[in-house]
Amino acid sequence: WRWRDGSIEEAGPDYLNAMELKLAAAGQVVAALEGVLSRYVGLVESGDAGFWDAEEEPVVIATRAALTAAREAGLSA
């Protein structure tokens with residue numbers, strides 16, 4: 001582990017365990033977000049909630065960007 005001041009400290013098992021837990025939780029968040037996005041877009045496309053292009057919605061654009069960033073960072077469902 002490299003601190004901002006440039007010093008190096010070996011990561012202990014507590015730190016590594018905490019990071020594993022955070023990565024697992026992040027993967028769960030990615031999976032949940034993918035599911036919610038899919039359901040939302042599906043509802044919009046069904047016409048049951050009116051008619052508009054879900055892909056033009058700022059929340060859909062932001063969610064897709066966040067999921068892309070998560071995948072590029074190595075997170076997946």
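Residues take their numbers from the sequence shown, with the count starting at 1.
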> If you round to the nearest 0.5 Å, how far is OG of Ser38 from CG of Leu33?
Replying inline: 11.0 Å
> Are Val59 and Val36 joined in one hydrophobic group, where the rule is that I, L, V, M, F, W and Y side chains link up if heavy atoms are under 4.5 Å apart?
Replying inline: no
>> Give me the atom names and distance for the closest heavy-atom approach of Ala70 to Val30.
In response: CB-CG2, 3.8 Å
>> Are Trp52 and Leu43 connected into the same hydrophobic cluster when the rule is that any two of I, L, V, M, F, W, Y join if their side-chain heavy atoms are below 4.5 Å apart?
In response: no
> Does some side-chain heavy atom of Glu55 sit less than 4.5 Å from a side-chain heavy atom of Val41?
Replying inline: yes
> Going from CG on Leu75 to NZ on Lys22, what distance comes out if it is rounded to the nearest 0.5 angstrom?
Replying inline: 13.0 Å
>> Check this for me: does any side-chain nitrogen of one of Arg64 and Glu34 sit under 4.0 Å from a carboxylate oxygen of the other?
In response: no
